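Residue numbers start from 1 in every chain, and the chains themselves are labelled A, B, ... in the order their sequence lines are given, proteins ahead of strands. Atom set for the values below is all heavy atoms of this structure, side chains included, hydrogens, waters and symmetry mates excluded. The shown structure was predicted, so the numbers you read here are calculated from the model rather than taken from an experiment.
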2 protein chains.
Amino acid sequence: MARTTDPANADPLETVEALKALANPARLQIMNWLLDPHGEFSQWEPIADRDEVGVCVSHIQAKSGLAQSTVSSYMATLERAGLVRSTRIGKWIHYKRDEDMMSRLAEALRGTQRP
Amino acid sequence: MARTTDPANADPLETVEALKALANPARLQIMNWLLDPHGEFSQWEPIADRDEVGVCVSHIQAKSGLAQSTVSSYMATLERAGLVRSTRIGKWIHYKRDEDMMSRLAEALRGTQRP
DNA sequence: TTTACATATCGCGATGTGACGATATGATGG
DNA sequence: CCATCATATCGTCACATCGCGATATGTAAA
């Protein structure tokens with residue numbers, strides 16, 4: 001059996017990309033906001049069911065105060081890293097946390113889980 | 001009670017620093033090696049009990065193939081981020097994973113834990 | 001088809017990181 | 001004290017990231 005110290009699951013390069021994406025205060029905060037879309041974005045009318053598709057870029061931009069181009073590229077970064085998934089609804093693109101990926105990442109950090 | 005989306009424990013800035021430290025292939029691999037010092041560093045004679053104090057810089061350098069200065073500054077980065085702890089034994093400085101910190105970080109990623 | 005709006009992409013200057021060799025510090029053994 | 005060895009710090013240059021405004025793309029509505 002081939003030995004790897006790698007924690008149970010993922011490709012190290014993939015893991016590094018995910019960590020890079022999260023290693024930025026704004027992007028990390030957005031990911032935290034997406035944990036509770038209802039609570040965090042209650043002041044904006046949802047375009048669609050936030051439990052299903054997440055939150056649209058405009059609302060994330062409004063809440064963050066960053067430039068539109070910045071938010072757009074940040075969300076692209078998070079998506080390339082596999083941390084969020086996007087859905088277009090009308091003109092709005094919605095982003096939602098990929099909890100599977102976040103869990104796998106968390107386990108990769110914790111190291112070999114108890115078997 | 002003040003509602004924060006922050007995952008149960010840590011200061012976001014601290015979290016970002018930890019993620020930045022891990023968001024590098026070499027540093028992430030070193031952290032993985034430190035999960036199993038015995039297995040990973042079996043080809044070098046331990047200076048001290050690796051379960052207690054971890055592994056010295058020379059051995060990490062030998063295994064990584066990076067320059068001595070690079071490894072030294074990487075270990076300093078990991079220590080500043082709170083991910084490892086250091087112990088001097090004779091002329092050797094040993095580094096050991098801080099599993100507490102790693103667990104807290106993992107939970108911060110996974111989001112609000114079930115209470 | 002034109003207009004309006006949401007989002008993406010481009011180009012930029014500023015700042016940070018990667019990784020190194022050279023050199024300094026600090027402990028140990030003669 | 002002096003030499004040696006382990007580690008840290010410094011200086012450097014190539015390259016990546018930050019965050020922005022300007023502009024392009026794409027969708028929907030009039």
(message) Could you tell me if the side chain of B:Leu83 sits less than 4.5 Å from the side chain of B:Met102, heavy atoms only?
(response) yes
(message) D:dA8, OP1 or OP2 - any side-chain N/O from B:Tyr95 closer than 4.0 Å?
(response) yes
(request) Using atom CE of A:Met75 as one end and atom P of C:dT7 as the other, report the distance to the nearest whole Å. (result) 11 Å
(message) In whole Å, I'd like the distance from the CZ atom of A:Arg27 to the C1' atom of D:dA16.
(response) 12 Å
(request) On DNA chain D, check which nucleotide each of B:His59 and A:Ala67 is closest to and give me the residue with the more 5' one. (result) B:His59
(request) Provide, to the nearest angstrom, the distance between the CG atom belonging to A:Leu22 and the P atom belonging to D:dT17. (result) 14 Å
(request) Verify the contact: side-chain N or O of A:Ser58 to OP1 or OP2 of C:dA6, cut-off strictly under 4.0 Å; return yes or no. (result) no
(request) Report the distance from atom CD1 of B:Ile47 to atom C1' of D:dA6, rounded to the nearest whole Å. (result) 10 Å
(request) Output yes when B:Lys20 and B:Glu17 qualify as a salt bridge under the 4.0 Å nitrogen-oxygen rule, no when they do not. (result) yes
(request) Choose from C:dA19, D:dT17, C:dT7 the nucleotide whose nearest atom is closest to any side-chain atom of A:Trp92. (result) C:dT7
(message) Could you tell me if the side chain of B:Trp33 sits less than 4.5 Å from the side chain of B:Ser64, heavy atoms only?
(response) yes
(request) Please tell me if the side chains of A:Ile30 and A:Tyr95 come closer than 4.5 Å, counting only heavy atoms from C-beta onward. (result) no
(request) Return the value, rounded to whole Å, for the distance between atom CD of B:Gln61 and atom P of C:dA19. (result) 14 Å
(request) Produce a footprint string for nucleotides 22-30 of chain C: one letter per nucleotide, 5' end first; B if the base is under 4.0 Å from any protein heavy atom, S if only the sugar-phosphate is, - if neither. (result) B----SS--
(request) For residues A:His59 and A:Trp92, determine if any side-chain heavy atom of one lies less than 4.5 Å from a side-chain heavy atom of the other. (result) no
(message) If I take atom CD in residue B:Glu17 and atom P in nucleotide C:dT17, what distance separates them, rounded to the nearest angstrom?
(response) 8 Å
(request) Starting at atom CG of B:Asn24, determine the distance to atom P of D:dC15, rounded to an integer number of angstrom. (result) 17 Å
(message) Among C:dT7, D:dA8, C:dA19, which nucleotide has an atom closest to any side-chain atom of B:Thr70?
(response) C:dA19
(message) Can you measure B:Gln29 atom CD to C:dA19 atom C1' for me and round it to whole angstrom units?
(response) 16 Å
(message) For a 4.5 angstrom cut-off between non-hydrogen side-chain atoms, does A:Glu52 reach A:Lys96?
(response) no
